[in-house]
Amino acid sequence: MLRVFLFQSIVLTTLLVSCAGCQFGRAIAPRTASWWNGNEIHRSGIAAQERGDFEEAEQKLQEAVRLNKKDIDFRRNYAEVLWERQKYKESVQQLNEALALGGEANASLQRTIAEKYLALNQPARAYLHADEAVRLDPRDYRSWALKARSGRMLAESARNTDSPEKFDEFILQARNDYYRALSVSPENRELLLELAAVQTLCGQSEQALVTWQELRRTYPSDAVPTEILRGEAEAYVALGRLSEAIICLREAQRRAPATPDISLRLREVQAMFPQQVH
C-alpha cells in the first residue's frame with residue numbers, strides 16, 4: 001500500500017512539474033509590469049466609479065485600457081463609465097472593440113451592447129446582439145426581454161412606415177420572445193406589463209386580459225397600481241365587457257381621485273353603456 005502511495009505521489013509531482021507555466025495544457029502568458037500596473041490602475045478606476053467620481057474613473061480606466069489593450073473586462077468597465085459620462089458613441093465603440101477581442105461568445109457582453117443600442121434607439125442593432133445573447137444563454141430572461149423590446153420597437157417603426165407585413169412579423173416575434181422571457185421569470189411585473197401591451201397591439205384582447213389579471217395577482221389587493229387597473233379596463237372594453245371595465249375604472253378613480261384622465265375615461269365608458277351607471 002505504501003509502495004502504491006509513493007508511486008502515485010511521484011507521478012503527481014512529475015505532472016505538476018511538467019505543467020509548470022501551463023493551465024489545462026495551455027501556456028499561461030507571463031504577467032508583465034504593464035499588466036500589473038494596468039490592473040492596479042483598473043482597481044483604482046473601479047473604486048472611483050463606485051464612489052461616483054466618474055471623471056476620475058474615466059481617466060483611470062482609460063489608462064488601464066491603454067496599458068492592457070486586449071483585456072475585455074477593462075474595456076467593458078471603461079465603456080460603462082463613458083456611458084455614465086454621456087459619451088455614448090465612445091462607450092459603444094469600446095464595447096464593440098471588446099467583442100472584436102474575443103468577446104463574441106460572452107452572452108453578458110452581447111446583452112450589454114444590446115441594452116446600449118436599445119437606449120440609443122437603434123433597435124435593429126440591439127436585436128442582433130440580443131438574439132446572439134439568447135443563442136449563447138437561453139436561460140437568461142434578460143436576453144429574451146431585450147430581444148422582445150427590440151422587436152417591438154422594430155414593429156412600431158414598420159407601422160410608422162406603412163409596412164403591415166413587417167409590423168405583423170416583428171410584433172408576433174416580440175410576443176413570443178416575451179413568452180420565453182416569462183417562462184424563465186414568470187412573475188416578472190415589468191415583463192407582464194410589456195407583454196400585455198404587445199398582446200393588445202396583436203389584437204389579442206382576451207390574452208391581454210389574462211396577462212393584466214396575472215399581473216394584478218402579483219400585488220396585494222389593496223395595492224394594485226392604477227396603470228394595471230386601466231390596462232385591465234381597456235381589455236374589458238375591447239371585449240365589450242363594459243360593466244367590468246367600469247368597475248376597474250372606478251377602482252382606479254378611487255385610488256387616484258386627482259387624475260383627470262381616469263375620470264374622463266370612466267365617463268366615456270359609462271356613456272357607452274349607460275344602463276350600468278347607478
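Since the model is a prediction, treat every value here as computed from it, not as a measurement. Any value given below was found using the heavy atoms of this structure, including those in side chains, with hydrogens, waters and symmetry copies removed.
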Please lay out, stage by stage, how Lys60 and Glu63 fare under the test salt bridge (Lys or Arg N to Asp or Glu O under 4.0 Å). CA-CA 5 Å; Lys60 296 285 189 183; Glu63 179 65 10; over 6 Å; no
Which atoms form the tightest heavy-atom contact between Ile171 and Ala155, and what is the distance? N-CB, 3.8 Å
Test Thr226 against Arg255 for side chain to side chain donor-acceptor pair (under 3.5 Å), laying out the working first. CA-CA 7 Å; Thr226 57; Arg255 297 191 182 185; over 6 Å; no
Do Arg175 and Glu194 meet the salt-bridge criterion of a basic N to acidic O distance under 4.0 Å? no
Could you tell me whether the side chain of Asn68 and the main chain of Asp71 form a donor-acceptor pair under 3.5 Å? no
Val134 side chain near Glu132 side chain, heavy-atom distance below 4.5 Å: no
Salt-bridge criterion met for Glu58 and Lys87 (N-O under 4.0 Å): yes
To the nearest 0.5 Å, how far apart are CG in Leu67 and CD in Glu40? 12.0 Å
Would you compute the distance between atom OH of Tyr236 and atom OG of Ser243 and round it to the nearest 0.5 angstrom? 9.0 Å
For a side-chain contact (heavy atoms from CB on, under 4.5 Å) check, start with the C-alpha distance between Asp137 and Arg139, then their side-chain angles and the critical distance, and finish with the verdict. CA-CA 6 Å; Asp137 187 8; Arg139 292 298 301 168; 4.0 Å; yes
Taking the six-membered ring of Tyr178, is the NZ or CZ of Arg149 close enough (under 6.0 Å from the centre) and on axis enough (within 45°)? no
Is there a side-chain contact between Gln86 and Tyr88 in this structure, where contact means two heavy atoms from C-beta onward sitting under 4.5 Å apart? yes
Rounded to the nearest 0.5 Å, how far does CZ of Arg135 lie from NZ of Lys147? 12.0 Å
Please check this pair: side chain of Thr211 against backbone of Gln207, looking for a donor-acceptor N/O pair closer than 3.5 Å. yes
If you compare all heavy atoms of Trp212 against all heavy atoms of Glu227, which two are closest, and at what distance to 0.1 Å? CZ3-O, 4.2 Å
Pairwise distance CZ(Arg75) to CG(Leu109) - rounded to 0.5 angstrom: 12.0 Å
Do the side chains of Glu234 and Arg265 get close enough for a salt bridge, i.e. N-O under 4.0 angstrom? yes
What verdict does the side-chain contact (heavy atoms from CB on, under 4.5 Å) test give for Cys202 and Val198, after you've listed the backbone C-alpha separation in whole Å, the side-chain angles of each residue and the deciding distance to 0.1 Å? CA-CA 6 Å; Cys202 289; Val198 166; 4.2 Å; yes
Heavy-atom neighbours of Glu187 CD exceed 12 at 6.0 Å: no
Do Phe170 and Glu156 have side-chain heavy atoms sitting under 4.5 Å apart? no
Are the side chain of Thr161 and the backbone of Ser157 linked by a donor-acceptor contact shorter than 3.5 Å? yes
Is the shortest distance from a Lys or Arg side-chain nitrogen in Glu80 or Arg76 to a carboxylate oxygen in the other one below 4.0 Å? no
What's the verdict on side-chain contact (heavy atoms from CB on, under 4.5 Å) for Glu56 and Arg51, showing C-alpha distance, side-chain angles and the deciding distance? CA-CA 10 Å; Glu56 180 182 344; Arg51 65 174 180 268; 2.9 Å; yes
Please determine if Glu115 and Arg111 form a salt bridge, counting it only when a charged side-chain N lies under 4.0 Å from a carboxylate O. no
For the atom pair CD1 (Ile246) and CZ (Arg267), what is the distance rounded to the nearest 0.5 Å? 13.0 Å
If you compare all heavy atoms of Ala233 against all heavy atoms of Ala245, which two are closest, and at what distance to 0.1 Å? O-CB, 3.5 Å
Path from Leu146 to Tyr141 over hydrophobic side-chain contacts below 4.5 Å: no
Would you call Glu214 and Arg217 a salt bridge, taking side-chain N to carboxylate O under 4.0 Å as the test? yes
Ser143 vs His129 side-chain heavy atoms within contact, under 4.5 Å: no
With the side chain counted from C-beta on, respond yes when Leu182 and Leu192 share a heavy-atom pair under 4.5 Å apart, and no when they do not. yes
Check the hydrophobic clustering (I, L, V, M, F, W, Y; side-chain heavy atoms under 4.5 Å; chains of links allowed) and say if Ile113 and Tyr127 are grouped together. no
Honestly curious: do Leu191 and Leu172 fall in one hydrophobic cluster under the side-chain, below-4.5 Å linking rule? yes
Walk me through whether Asp177 and Gln173 qualify under side chain to side chain donor-acceptor pair (under 3.5 Å). CA-CA 6 Å; Asp177 289 334; Gln173 184 60 55; 3.1 Å; yes
Donor-acceptor pair, side chain of Lys69 and main chain of Arg66, under 3.5 angstrom: yes
Would you check if Leu264 and Glu268 make a side-chain contact, meaning some heavy-atom pair closer than 4.5 Å? yes
Answer with yes or no whether the hydrophobic clustering places Ile72 together with Leu82; edges join I, L, V, M, F, W, Y residues whose side-chain heavy atoms lie under 4.5 Å apart. no
Does a side-chain heavy-atom distance below 4.5 Å link Arg85 with Glu55? yes
Nearest heavy atoms of Gln49 and Ala57, plus distance in Å: N-CB, 3.7 Å
Approximate separation, where rounding is to 0.5 Å, of Leu229 CG and Gln253 CD: 12.0 Å
So which heavy atom on Ile262 is nearest to which on Leu249, and how close? CG2-O, 3.8 Å
Could you tell me whether the side chain of Asp140 and the main chain of Arg142 form a donor-acceptor pair under 3.5 Å? yes
Could you go through Val237 and Leu242, starting from their C-alpha distance and side-chain angles, then the distance that decides it, and tell me whether this counts as side-chain contact (heavy atoms from CB on, under 4.5 Å)? CA-CA 5 Å; Val237 170; Leu242 299 182; 4.2 Å; yes
Under a 4.5 Å cut-off applied to non-hydrogen side-chain atoms, are Leu118 and Arg125 in contact? no
Nearest heavy atoms of Arg216 and Val224, plus distance in Å: CG-CG2, 3.7 Å
Are Leu95 and Trp83 joined in one hydrophobic group, where the rule is that I, L, V, M, F, W and Y side chains link up if heavy atoms are under 4.5 Å apart? yes
With no hydrogens and no angle check, is any side-chain donor or acceptor of Ser91 less than 3.5 Å from a backbone partner on Ala79? yes
